[in-house]
Amino acid sequence: MTKTTGRSTNFFLVAVIVFAFALRLSVTFATSSYRVVEDDTDHFGFGWEMGRVARSIDEGKGFASPLPLPTGPTAIVGPVYPVLLAGIFKLFGVYSTSSAIAVRIMQSAFASLTCLFLYLCGRDAVGESTGKLAALLWAVFPLNIFFTSAKVWETSLSGLLVAALLWTMLPLRDSLSIARWSATGALLAIAGLTNTSLVVLILPFAIAALWRSRARVLLPACLGALTCLVLVSPWLMRNYHQFGKVMLRSNFPLEFRIGNNEFSYGQKIEALHPSNTPSINQHWQEVGESQFMEEERVANAQYLSTHHGRFAFSTVNRIVNYWTGAWIKPIEGFANSWPVIISTSALTLLGLLGIGQMFRRGIPAAAMFGGCLLIYPVAYYLTTSQPRFYHAMTPLLIMATSYWMVNILSQIRLRATAQQKPSTATAV
């Protein structure tokens, strides 16, 4: 790369990042999504469980009480985002307008930096043009703009971590570097403490590395895993001390229950969540988180033993919804929306076409990217399907879409050039 080309690329990246940041803040202020509304929930809608835990930390009560009523120590959310939120509360006030603006600025920064890692991943996997287009498409991606400007949750941070992980893990297939594997382990730890589901993204890359390098990769891979374990161990030990279990999160039984029940066909029934039903919240308060989750696990086992067919249909319904935005069998409150279906289905289709094109052209990253799309959503197929769960895979889908678009444009240019040559020869 020449100095001129390097300067041009740097200018492009700075421009795209600044544009993405400005666009998200513009939407925030244009829609007044930062306004803190006074209601009878004591601002529960400001970050929901994340906000409540952040407030608990700020009040000196520890990582606890994620629901409207205080319930004691919790592990239903990862620690990274609530701690960031608690820091903002400490500086700007709990549930204040200043905090709401600061949160949107932080989320806009996460979303904007995703452009950089998408460019790097696209460049290193399939080429400079794809990387640039992916960065640009992410800058204007409506779903990310919505979550960044309108919601207080870890969604934008998860998107950033996915893009960063994809780029960081990309060279692992051919790498025996202890430093690289350790850096990957460190980033994976941060991801796991933010959004536990992201941990599975390492599997396709680790399998590819093992297939390529066999036993030689075991030492650096083990040291990378050790790095990850060391960084998450304080959280694991804390959870063991509080709940008697080594775990990253405690909420799987609850999430399974609200998505698999007699009232839906795979959709999330809000009334079964303790944050929406005071009597369930009060029961949690009385028995504690561990006992509550155990009761949910027992209820899930009973449901599965008598509703095999309904669970199977619910799972299929969620799979379809995850990738298309459509419900095979909608229920009240979960109606099919054509704008959502068209946009979600289009991105999924174009992303899969891009992955398929990578396979046909023999690009090594194709199998690893395809593996991520295959394995990541499995937990949501079994529990609940929501747009923010789909959002985590959108950086990868946008990069694959960009690759497909770049190749289509290249083919169009080649055909146009081929058609011009005979006419030029005739004129001569």
- Exam field: side chain Thr74 to backbone Ala64, donor-acceptor pair closer than 3.5 Å: no
- Interatomic distance, CG@Asn281 vs NE2@His273, rounded to 0.5 Å, equals 10.0 Å
- Message: Ring centroids only, cut at 6.0 angstrom: are Tyr322 and Tyr376 within range, meaning strictly under it?
- Response: no
- Query: Are any of the side-chain heavy atoms of Trp323 and Pro377 separated by less than 4.5 Å?
  - Reply: yes
- Item | Atom pair CE (Met106) and CD1 (Ile88), whose distance is rounded to the nearest 0.5 Å | 4.0 Å
- Message: Under the criterion side-chain contact (heavy atoms from CB on, under 4.5 Å), I'd like the reasoning laid out for Leu165 against Phe117: C-alpha separation, chi angles, the key distance, then a yes or no.
- Response: CA-CA 9 Å; Leu165 278 169; Phe117 288 105; over 6 Å; no
- From the list Thr324, Thr344, Thr348, Asn321, side-chain hydrogen bond (donor to acceptor under 3.5 Å, both in side chains) partner of Tyr390 resolves to Thr348
- Message: Using modelled atom types and a 3.5 Å cut-off, is there a donor and acceptor pairing between side-chain atoms of Ser343 and backbone atoms of Val340?
- Response: yes
- Heavy-atom count around Tyr240 OH within 6.0 Å, excluding the residue itself: above 12? no
- Pair Glu289-Trp284, side-chain contact (heavy atoms from CB on, under 4.5 Å): steps then yes or no: CA-CA 6 Å; Glu289 186 166 309; Trp284 184 327; 3.3 Å; yes
- Query: Is the count of non-hydrogen atoms from other residues, nucleotides or ligands lying under 6.0 Å from Trp181 atom CH2 greater than 12?
  - Reply: yes
- Task: Evaluate the side-chain contact (heavy atoms from CB on, under 4.5 Å) criterion for residues Asn260 and Arg318: first the C-alpha distance (whole Å), next the side-chain angles of each, then the deciding distance (0.1 Å), finally the verdict.
- Result: CA-CA 11 Å; Asn260 297 281; Arg318 283 188 291 262; 2.8 Å; yes
- Test side-chain contact (heavy atoms from CB on, under 4.5 Å) applied to Ile76 and Leu254, step by step: CA-CA 9 Å; Ile76 72 167; Leu254 172 61; 5.6 Å; no
- Message: Tell me whether Ser305 contacts the main-chain N or O of Gln302 through its side chain, where contact means a donor paired with an acceptor under 3.5 Å.
- Response: yes
- Indicate yes or no for a side-chain donor-acceptor contact from Ser108 to the backbone of Phe21 under 3.5 Å, with no hydrogens or angles considered. no
- Message: Quick check for you: to the nearest 0.5 Å, what is the distance between Cys115 atom SG and Phe19 atom CZ?
- Response: 9.5 Å
- So do the side chains of Trp153 and Trp48 get within less than 4.5 Å of each other, counting heavy atoms only? yes
- Message: Counting C-beta onward and ignoring hydrogens, is there a side-chain heavy-atom pair between Ser402 and Leu118 closer than 4.5 Å?
- Response: no
- Message: Could you tell me if the side chain of His391 sits less than 4.5 Å from the side chain of Ser158, heavy atoms only?
- Response: no
- Query: Is the backbone N or O of Val406 less than 3.5 Å from a side-chain atom of Ser410, with the two atoms forming a donor-acceptor pair by type?
  - Reply: no
- Hey, could you give me the CD1/CG distance between Ile202 and Leu172, rounded to the nearest 0.5 Å? 5.5 Å
- Message: Tell me if a side-chain donor or acceptor on Arg24 pairs with a main-chain N or O of Ala20 at a distance below 3.5 Å.
- Response: yes
- Does the ring of Phe205 carry Arg173 above it, NZ/CZ under 6.0 angstrom from centre and within 45° of its axis? no
- Do Ile101 and Ile105 come close enough that some side-chain heavy atom pair is under 4.5 Å? yes
- Item | Donor-acceptor under 3.5 Å (Asn317 side chain, Gly266 main chain) | no
- Task: To the nearest 0.5 Å, tell me how far Trp327 CH2 sits from Ser337 OG.
- Result: 13.5 Å
- Query: If we only count heavy atoms from C-beta on, is the Trp404 to Leu349 side-chain gap below 4.5 Å?
  - Reply: no
- Does the pair Arg52/Glu49 count as a salt bridge with the N-to-O cut at 4.0 Å? no
- Message: Looking at Asn261 and Ile258, would you say the former's side chain and the latter's main chain have a donor-acceptor pair under 3.5 Å?
- Response: yes
- Message: Once rounded to the nearest 0.5 Å, what's the spacing between atom OG1 of Thr114 and atom CG of Leu157?
- Response: 8.5 Å
- Note on the structure: All heavy atoms of Ser156 vs all of Thr148, minimum pair found to be OG-OG1, 2.6 Å
- Side-chain touch Tyr95/Arg55, heavy atoms, less than 4.5 angstrom: yes
Going by atom type alone, with no hydrogens or angles, which donor-acceptor pairs under 3.5 Å involve a side-chain atom of residues 182-194 and a protein atom two or more places apart or on another chain?
{"from": "Ser182", "atom 1": "OG", "to": "Ile178", "atom 2": "O", "distance (Å)": "2.8"}
{"from": "Thr184", "atom 1": "OG1", "to": "Arg180", "atom 2": "O", "distance (Å)": "2.9"}
{"from": "Thr194", "atom 1": "OG1", "to": "Ile190", "atom 2": "O", "distance (Å)": "2.8"}

- Can you name the nearest heavy-atom pair linking Pro204 to Cys372, along with the distance? CG-N, 3.6 Å
- Query: How are the rings of Phe63 and Trp235 set to each other: parallel, tilted or perpendicular (split at 30° and 60°)?
  - Reply: perpendicular
- Task: Run the ring-centre check on Phe311 versus His307 and record whether the distance is less than 6.0 Å.
- Result: no
- Can you name the nearest heavy-atom pair linking Gly354 to Tyr403, along with the distance? O-CD2, 3.7 Å
- Taking only residues at least two apart or on different chains, which pairs with a member in residues 341-375 satisfy ring-ring contact (aromatic ring centres under 6.0 Å, His included)? none
- Item | Shortest non-hydrogen contact between Gln267 and Pro330, atoms and distance | NE2-CA, 3.7 Å
- Message: Assess the residue pair Phe110 and Tyr81 against the criterion (ring-ring contact (aromatic ring centres under 6.0 Å, His included)); give the C-alpha distance rounded to whole Å, side-chain angles, the decisive distance to 0.1 Å, and a yes or no.
- Response: CA-CA 12 Å; Phe110 292 150; Tyr81 189 85; 7.6 Å; no
- Message: So does Lys132 get a backbone contact from the side chain of Arg123, meaning a donor-acceptor N/O pair under 3.5 Å?
- Response: no
- Query: What closest approach, in Å, do Ala134 and Ile398 show between heavy atoms, and which atom pair accounts for it?
  - Reply: O-CG2, 3.7 Å
- Looking just at side-chain N and O atoms, do Ser149 and Ser33 make a donor-acceptor pair shorter than 3.5 Å? no
- Item | Pairwise side-chain contact, Ile57 with Phe89, heavy-atom cut-off 4.5 Å (strictly under) | no
- Task: Give the minimum heavy-atom separation between Pro253 and Asn300, together with the two atoms involved.
- Result: O-ND2, 3.0 Å
- Message: When you measure from the side chain of Trp138 to the backbone of Tyr119, do you find a donor-acceptor pair of N or O atoms at a distance under 3.5 Å?
- Response: no
- Residues Glu128 and Thr9: side-chain donor-acceptor under 3.5 angstrom: yes
